[in-house]
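Values below: all heavy atoms of this structure, side chains included; hydrogens, waters and symmetry mates excluded. So that the names make sense, note that chain A is the first sequence line, chain B the second, and so on, each numbered from 1.
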Amino acid sequence: MGMFDGLNPKQREAACAGDGPLLILAGAGSGKTRTLTYRIAYLIAEKHINPMNILAVTFTNKAAGEMKERVAALVGPDADRMWVSTFHSACMRILRSNISLLGYDDRFTVYDTDDQKTTMKNVCKRLNIDTKRYKERTILSEISSAKNELMDESGYEKYVLNDFSKTVYARAYREYQETLRKNNAVDFDDIIMLTVRLFDEFPDVLERYRERFKYILVDEYQDTNTAQFELIRLLADKYKNLCVVGDDDQSIYRFRGANIRNILDFEEHYPEATVIKLEQNYRSTQYILDAANAVIANNRGRKDKKLWTDAGEGKKPVFNQFDTAFEEAEYIVSDIRHRNKMGTGYGSCAVLYRTNAQARILEERLIMAGIPYNVVGGVNFYSRAEIKDIIAYLKVIDSGIDDLSVRRIVNVPKRSIGNATLEKVLDYADARDISLFTAMCEAQDVPGLGKAASKIKVFTDMIGVLRAYRDNASIAELINKIIEMTDYEEYLKDQDEEKAEDKIGNVNELVSKAVAFCDGRPDASLSDFLEEVALVSDLDSADLTEERVLLMTLHSAKGLEFPIVYLAGMEDGLFPGYMSISSGDDEDIEEERRLAYVGMTRAEKELIMTCAKARMLRGETQFNPVSRFVTEIPSELVEGFVPGKKKKRPADDCYESDYPRRASSFSYAKKEEKPVKPVKALYTGTAGLESLGIKKGFQKAAEAAEPDYAVGDRVRHFKFGAGTVTALVREPRDYKVSVDFDAHGQKVMYASFAKLVKE
DNA sequence: CTCCTTTGTCTTTTT
DNA sequence: GACAAAGGAG
């Protein structure tokens, strides 16, 4: 069978495995997507499965698009009839035709993170929840976790009975959910949870989809959360033709509910499962793989596997430490420029980092050096204010049920409709149980409005005109009409002359996106467009083919590969992040380590790791030691001096002896080490840290030690000088200390970072 | 009602 | 250090 000649024996075994549950453990760069694609092709071409009966699920739209394309290349247009989509868009499709069973209108909208936050703010106001004590974000993430665990508001209330500190969340959850329902909206997590509920409560619906999707394939299975797991389980339970592909070592989305146990316990869920391991790596050279293997080996409870390659040993990974983040960026940029002179294209280089904030300093240096680059991720295109404004207009034109959108645009641009007016209309709407927009249409009946009623009428009339206009115009034309009727460009210029140009550009970009969306599907409705927009991120459209250096977070880099990879900011406190260090939960550090593994295995030919001794973080200079992930690499596998590298120590008894020992944290060199200065010409030298009056070393943040000062004591801060302690509050992870500084006034800071010295 | 100033919070990561 | 939200003045 010629079709499968391009696969290695293991890949072929996986692609051509028989029916029943199948787990493909695919290490980084082992041809995972390729194997999955061929498996689908095998089902269609060899087993003559009707493509209609196949459901392939991925996490990103990009992955879905690529897979569909690749399958089409193998089996032809038949591929169009199968579902290849993300969890979210698959569920959206199911909900669109069935959500009325759950009591929602089938023209429901999807709230993004911003919308959720606004909603929660209103909820807190209504329930008199003190948002100083319970932040909207915290409440929302609690609700999100609950939904990822399939706990609806009633379930959560029961769960909370054992924990009174959480009753506030339970109240907020219920009110939040009611608000969403009133607005006929769902959030991201609802999309999955409601689909599961639909299947639970309506077995006939489930049965229909079970018959439809006789073959199910899931990519990146290690990133599924409980709700997604349950969804797949329900669908696959009848025929059990479930093929999942993943790598437990690349599970990096625990923070948003991914449950690594889903992949680790697959064989327990499906005892009859076939398991195939893909361990041959086609991406990197041996040194890089060895280094990555050495790091990930420090994690416990992983599926045993070891990547190998026949690509040759290649070059050793390189490590360099610098005095400041500025010098680090300088080095990376000059190294890229040097390589470019030697013939390496800019497009071959990628700089990966832990947090988006690190991009800025790198960008500055790249601009100065005149090197073309792209930053992937960061602020999502669709969450920019100007785009959200236009989308809100579209949503109101489309349905008007969604109060949130109405409130967003009612006074944008300024129409002299303020909060007081809005509150009156809102009261009127509440009393009658109608939507805000409907109430606004009856503004003349709303008591106490006075002149404001006519202002509202101008607005509702305009929406009316736009609605009429929509009926025989394309979406792009409609957007242009909105801009024209609202004088939106004028509004942007009034706001900020400088930024206006960019923003107008973005709005035009949205028009192009609308044109592209309608291209090839003339019957697409406004609702379809809005749905697409809700589920798409601009990560999906990132162009990786240009000859530009790419900057992105480690998370965004998953699934990609580059000849030259820089891992910047390899510092304990940044990567692994401060949060994961101080949480005291090993799982957190392990997740960060998997992230390091993902980063290292992106490199094909060369891996360059860098870090800085001092770095500006949250407005304060932080001094961090070399990342433990660097020190976990055996020195014979690294080029360059790793300071603070510990000697092997006798095993402590924290861990069972058959697990690799976790590297101990926060060991740092006691003696002064010479800074690595690979780029002598650029290195300007910095005064020693000590001269700034700072004690060297990283203060251990976990288990905050009680400060040796108390309220009323005189203390000294390295930057703010002398002051008096006015308050000392114990917080879960640290002491929060308030100091009244003689020269700088009142400051509140965390004790472990403030490094206050008692006088 | 709007504009301006001040204050506080934030930095993980995103479908 | 950046940006949003809240609060106060006109």
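Picking from C:dA6, B:dT15, B:dT13 the nucleotide with the shortest atom distance to the side chain of A:Thr355 gives B:dT13. Taking every side-chain heavy atom of A:Arg360 into account, C:dA2 is the closest of B:dT15, C:dA2, C:dA6.
Atom CG of A:Leu574 is separated from atom P of B:dT13 by 11 Å (rounded to the nearest Å). One interatomic measurement links the two molecules: OH of A:Tyr253 to P of B:dT15, which rounds to 7 Å at whole-angstrom precision. Distance CG (A:Asn122) to P (C:dA5): 12 Å, rounded to an integer number of Å. As a whole-Å value, the separation of A:Asn148 CG from B:dT13 C1' is 15 Å. Going from atom CD1 of A:Ile252 over to atom P of B:dT13 covers 12 Å, rounded to whole Å. With rounding to whole Å, A:Leu95 atom CG is found 15 Å from B:dT15 atom C1'. Computed from coordinates, the A:Leu595 CG to B:dT14 P distance equals 10 Å when rounded to whole Å. The nearest whole Å value for the distance from the NZ atom in A:Lys117 to the C1' atom in B:dC10 is 10 Å.
Applying the salt bridge (charged side-chain N to carboxylate O under 4.0 Å, His left out) rule to A:Arg197 yields the partners A:Asp152; only residues at least two apart in sequence or on another chain are considered. In terms of the ring-ring contact (aromatic ring centres under 6.0 Å, His included) criterion, residue partners of A:Tyr169 (sequence neighbours excluded) are, by chain and number, A:Tyr134. Under the salt bridge (charged side-chain N to carboxylate O under 4.0 Å, His left out) criterion, A:Asp585 pairs with A:Arg254, not counting sequence neighbours. For A:Glu149, there are no salt bridge (charged side-chain N to carboxylate O under 4.0 Å, His left out) partners two or more places apart in sequence or in a different chain.
With contacts defined as side-chain heavy-atom distances shorter than 4.5 Å, the pair A:Gln222/A:Asn262 does not qualify. Two residues are said to be in side-chain contact when any heavy atoms from C-beta on lie closer than 4.5 Å; A:Thr60 and A:Glu220 fail this criterion.
Contact check, A:Ser556 against B:dT14: a side-chain N or O comes under 4.0 Å of OP1 or OP2. The side chain of A:Ser383 places no N or O atom within less than 4.0 Å of a non-bridging phosphate oxygen (OP1 or OP2) of B:dT14. Proximity of A:Asn356 to the phosphate of B:dT13: a side-chain N or O atom is located under 4.0 Å from OP1 or OP2. Contact annotation: A:Lys135 side-chain N/O to B:dC10 OP1/OP2 distance is under 4.0 Å.
Side chains of A:Thr226 and A:Asn148: a donor-acceptor N/O pair is absent below 3.5 angstrom, by distance only. With no hydrogens or angles considered, a side-chain donor-acceptor pair links A:Asp189 and A:Ser144 at under 3.5 Å.
Both stacking criteria are satisfied for A:Phe188 over the base of B:dT15: a centre-to-centre distance under 5.5 angstrom and an angle between ring planes under 30 degrees.
Each of A:Thr138 and A:His88 lies near DNA chain B, and the nucleotide nearest A:Thr138 is the one positioned closer to the 5' end.
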Can you pull every protein N or O that's under 3.5 Å from an N or O on nucleotides 1-4 of chain B?
residue : atom : partner  : partner atom : Å
B:dC1   : OP1  : A:Gly418 : N            : 2.5
B:dC1   : OP1  : A:Thr421 : OG1          : 3.0
B:dC1   : OP2  : A:Ala420 : N            : 3.3
B:dT2   : OP1  : A:Ser416 : N            : 3.0
B:dT2   : OP2  : A:Asn411 : ND2          : 3.2

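In this structure, the ring of A:His555 has its center no less than 6.0 angstrom from the ring center of A:Tyr353.
Counting non-hydrogen atoms under 4.0 angstrom, A:Arg254 reaches nothing in the nucleic acid. Among the heavy atoms of the strands lying under 4.0 Å from A:Phe255 is at least one base atom, whether or not backbone atoms are also near.
Ring geometry, A:Phe229 versus A:Tyr221: the interplanar angle falls from 30° to 60°, so the pair is classed tilted.
Pairing analysis of DNA chain B (Watson-Crick: purine N1 to pyrimidine N3 plus N6-O4 or O6-N4; G-U wobble: N1-O2 and O6-N3; both under 3.5 Å) yields stems of 3 or more pairs at B:1-10 with C:1-10.
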